[in-house]
Amino acid sequence: MELAFIILVITILCVIAVVRELKAQNMFGVAFAAISALVFGFFSIATLYWELIRPLFES
């Protein structure tokens, strides 16, 4: 579960990078940071779901 929180922090940093690169008008940086945010965000949410939410509904 610690891995999910670490990946979530990386996702937040990627979102901050998207905003910073948009201000600098660096479209390659925006694209790379946005793709990274999507990938890390997906794995973060999926890991949190698998470890925290799914066991609550198993009987």
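The first residue of the sequence shown is numbered 1, and numbering continues consecutively from there.
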Verdict with supporting geometry, Phe5 and Val9, side-chain contact (heavy atoms from CB on, under 4.5 Å):
CA-CA 6 Å; Phe5 291 117; Val9 169; 5.7 Å; no
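Here the shortest heavy-atom pairing between Leu22 and Val30 reads N-CG2, 3.6 Å.
Side-chain contact between Arg20 and Asn26: absent, with no pair of heavy atoms (C-beta onward) separated by less than 4.5 Å.
Members clustered with Phe32: none, using a 4.5 Å side-chain heavy-atom cutoff among hydrophobic residues.
Phe57 and Trp50 sit in two unconnected hydrophobic clusters of ILVMFWY residues. Membership requires side-chain heavy atoms under 4.5 Å apart, directly or through other members. Taking hydrophobic clusters as Ile, Leu, Val, Met, Phe, Trp and Tyr residues chained together by side-chain heavy-atom distances below 4.5 Å, Val18 shares a cluster with Met27.
The list of salt bridge (charged side-chain N to carboxylate O under 4.0 Å, His left out) pairs with a residue in residues 31-54, not counting sequence neighbours, reads Arg54-Glu58.
Note that the OG1 atom of Thr47 and the CZ atom of Phe42 stand 8.5 Å from one another [nearest 0.5 Å].
Checking Ile10, Val15, Ile16 one by one against Ile12, the side-chain contact (heavy atoms from CB on, under 4.5 Å) holds for a single residue, Ile16.
For Ile7, the side-chain contact (heavy atoms from CB on, under 4.5 Å) partners are Leu3, Thr11, Phe40, Ser44, not counting sequence neighbours.
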